[in-house]
**Q** 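A single structure is presented below for examination.
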Amino acid sequence: MLHALDLGAQEVEELAEELWTLHEEGKLGLDDLARTTQVHPMEPALERLVAAGLARRDGGNVTLTASGRELAARQVRRHRLAEVLFTTVMRVADEEAVNRTACVIEHVLDPATTDSVCAFVGHPRACPHGKPIPPGDCCRTLARPQSPLVEPLSRVPPGSEVQVVYMVSRDPRRLVRLGGLGLVPGARLRLQQETPAVVVAIGETTVALDPEIADEVYVRR
């Protein structure tokens, strides 16, 4: 029974998010919602949305109320932040997989974790598709956009002291070679040079890396 209630709540959240997206495109019609929704059957979920005071029906149109917009903004923010995380940080190339996973994550992230993800990816203002990300409280205190907390070594300016957080590579043998050089999660580096090769100091050792490899090493300043 609890699972059914949770599923019902997710359908309401999903429908609110879909209405937000349609409203961004200037579409208010029920026909537009019926053509694009992923909630099936749609009508029961829409009735719950209206009964909860989250949406209003007016003839063939449906609009979010103020409280409905708050709910939808939270869902949209979580979804689009997840897209940024998977696309720009984890470099997941499969857009369908990114969207599918983001659709799951948006229903389970709590506010504190959402803000942590937002800070991790640098409080982005738009998702990878260029759609605006509704700001959270953590964003409203910023005077200017921030750099992500974790970024590829290739984007760090010379002179920076960083710590390796993780590495991504489709070639496991490359990870073994990097580990042999001391490039492992937790290692502290000082970037000495960025072109033509990325040169870092690891303790008393100096290592030169191809830019492609430096692109796979994620660090935190």
Side-chain angles (χ1 to χ4, degrees), residues 74 76-95 98 101-102 105-106 108-221:
R74 290 195 297 270
V76 170
R77 180 170 184 249
R78 293 167 182 166
H79 185 106
R80 293 178 182 176
L81 283 173
E83 288 183 325
V84 173
L85 178 66
F86 292 130
T87 302
T88 65
V89 176
M90 297 182 177
R91 305 262 179 110
V92 179
D94 187 336
E95 285 197 21
V98 168
T101 308
I105 286 180
E106 72 186 52
V108 297
L109 285 181
D110 62 22
T113 307
T114 302
D115 285 348
S116 294
V117 172
C118 189
F120 184 82
V121 295
H123 305 279
R125 295 182 177 178
C127 75
H129 305 100
K131 295 181 179 180
I133 298 175
D137 291 338
C138 63
C139 306
R140 297 187 181 99
T141 60
L142 299 174
R144 57 185 175 81
Q146 301 293 299
S147 298
L149 293 181
V150 176
E151 57 190 334
L153 180 60
S154 57
R155 299 182 192 172
V156 176
S160 300
E161 294 185 359
V162 298
Q163 185 174 30
V164 178
V165 178
Y166 62 90
M167 294 175 288
V168 292
S169 178
R170 293 183 175 86
D171 184 356
R173 293 170 299 179
R174 180 176 288 177
L175 295 178
V176 173
R177 290 196 297 271
L178 292 175
L181 296 172
L183 270 167
V184 295
R188 296 183 180 276
L189 318 175
R190 181 178 179 83
L191 186 64
Q192 297 181 337
Q193 174 184 308
E194 59 182 344
T195 58
V198 176
V199 179
V200 297
I202 311 173
E204 300 300 321
T205 303
T206 301
V207 177
L209 304 171
D210 290 336
E212 177 187 352
I213 296 177
D215 224 22
E216 299 176 346
V217 179
Y218 281 77
V219 297
R220 180 171 184 165
R221 302 193 199 190

**Q** Is any side-chain heavy atom of Val84 less than 4.5 Å from a side-chain heavy atom of Pro128?
**A** yes
**Q** For residues 174-183, please give each side-chain donor-acceptor pair under 3.5 Å, one per line with the distance, not counting sequence neighbours.
**A**
{"unit_1": "Arg174", "atom_1": "NH1", "unit_2": "Glu216", "atom_2": "OE1", "d": "3.1"}
{"unit_1": "Arg174", "atom_1": "NH1", "unit_2": "Glu216", "atom_2": "OE2", "d": "2.9"}

**Q** Mind listing the side-chain donor-acceptor pairs of residues 189-196 below 3.5 Å, one per line with the distance, residues two or more places apart or on another chain?
**A**
{"unit_1": "Arg190", "atom_1": "NH1", "unit_2": "Gly159", "atom_2": "O", "d": "3.4"}
{"unit_1": "Arg190", "atom_1": "NH1", "unit_2": "Glu161", "atom_2": "OE2", "d": "3.0"}
{"unit_1": "Gln193", "atom_1": "NE2", "unit_2": "Thr195", "atom_2": "O", "d": "3.0"}
{"unit_1": "Gln193", "atom_1": "NE2", "unit_2": "Ala197", "atom_2": "O", "d": "3.4"}

**Q** Scan residues 199-212 for pairs that pass side chain to side chain donor-acceptor pair (under 3.5 Å), counting only residues two or more places apart or in two chains.
**A**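 Matches after skipping sequence neighbours: none remain.
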**Q** If only atom types and distance count, is the side chain of Gln163 paired as donor or acceptor with the main-chain N or O of Gly186 below 3.5 Å?
**A**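 Answer holds: yes.
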**Q** Would you list the pairs meeting ring-ring contact (aromatic ring centres under 6.0 Å, His included) in which at least one residue belongs to residues 179-206, sequence neighbours left out?
**A**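 Matches after skipping sequence neighbours: none remain.
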**Q** Sequence neighbours excluded, which residues qualify as side-chain contact (heavy atoms from CB on, under 4.5 Å) partners of Pro211?
**A** none
**Q** Could you name each residue pair satisfying ring-ring contact (aromatic ring centres under 6.0 Å, His included) that touches residues 192-214, not counting sequence neighbours?
**A**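 Passing the test, one end in residues 192-214: no pairs.
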**Q** Can you name the residues that form a salt bridge (charged side-chain N to carboxylate O under 4.0 Å, His left out) with Arg74, not counting sequence neighbours?
**A**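 Salt bridge (charged side-chain N to carboxylate O under 4.0 Å, His left out) check on Arg74 returns nothing, list empty.
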**Q** Applying side-chain contact (heavy atoms from CB on, under 4.5 Å) between Val200 and each of Leu153, Val217, Val219, Val156, report the one that passes.
**A** Leu153
**Q** Tell me, which pairs form a ring-ring contact (aromatic ring centres under 6.0 Å, His included) where one or both residues lie in residues 176-195, sequence neighbours left out?
**A** none
**Q** Apply side chain to side chain contact (heavy atoms under 4.5 Å, CB included) to the pair Val92 and Thr101, showing each step before the final yes or no.
**A** CA-CA 11 Å; Val92 179; Thr101 308; over 6 Å; no
**Q** What pair of heavy atoms forms the shortest contact from Pro157 to Ser160, and how long is it?
**A**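 Of all heavy-atom pairs spanning Pro157 and Ser160, the closest is O-OG, 2.8 Å.
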**Q** Within this structure, what is the CD-CZ distance for the pair Glu151 and Arg221, rounded to the nearest 0.5 Å?
**A** 4.5 Å
**Q** Grab the two heavy atoms, one from Pro185 and one from Val165, that are nearest each other, plus how far apart they are.
**A**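 Smallest heavy-atom distance, with atoms named: CB-O, 3.6 Å.
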**Q** According to salt bridge (charged side-chain N to carboxylate O under 4.0 Å, His left out), who are the partners of Arg78, at least two apart in sequence or on a separate chain?
**A** none
**Q** Going by the rule side chain to side chain donor-acceptor pair (under 3.5 Å), which residues pair with Thr113 if we only count those two or more places apart in sequence or in a different chain?
**A** Asp110
**Q** Please collect all ring-ring contact (aromatic ring centres under 6.0 Å, His included) contacts where either partner lies in residues 202-221, sequence neighbours excluded, each pair once.
**A** Tyr166-Tyr218
**Q** Check side chain to side chain donor-acceptor pair (under 3.5 Å) between Asp215 and all other residues, then give those that pass, not counting sequence neighbours.
**A**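 Arg91, Ser154.
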**Q** Report the distance from atom OG of Ser116 to atom CG of Leu109, rounding to the nearest 0.5 Å.
**A**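 Going from the OG atom of Ser116 to the CG atom of Leu109 covers 9.5 Å.
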**Q** Hey, mind stepping through Cys118 and Arg77 against side chain to side chain contact (heavy atoms under 4.5 Å, CB included) and telling me if it holds?
**A** CA-CA 9 Å; Cys118 189; Arg77 180 170 184 249; 3.5 Å; yes
**Q** Can you see which heavy atom on Val164 is nearest to which on Met167, and at what distance?
**A** CG1-CG, 4.3 Å
**Q** When rounded to the nearest 0.5 angstrom, what is the spacing between CG in Leu81 and OG1 in Thr114?
**A** 7.0 Å
**Q** Among Arg80, His123, Arg125, find the one that has a side-chain contact (heavy atoms from CB on, under 4.5 Å) with Ile133.
**A**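 Looking at Arg80, His123, Arg125, the match for Ile133 under the side-chain contact (heavy atoms from CB on, under 4.5 Å) is Arg80.
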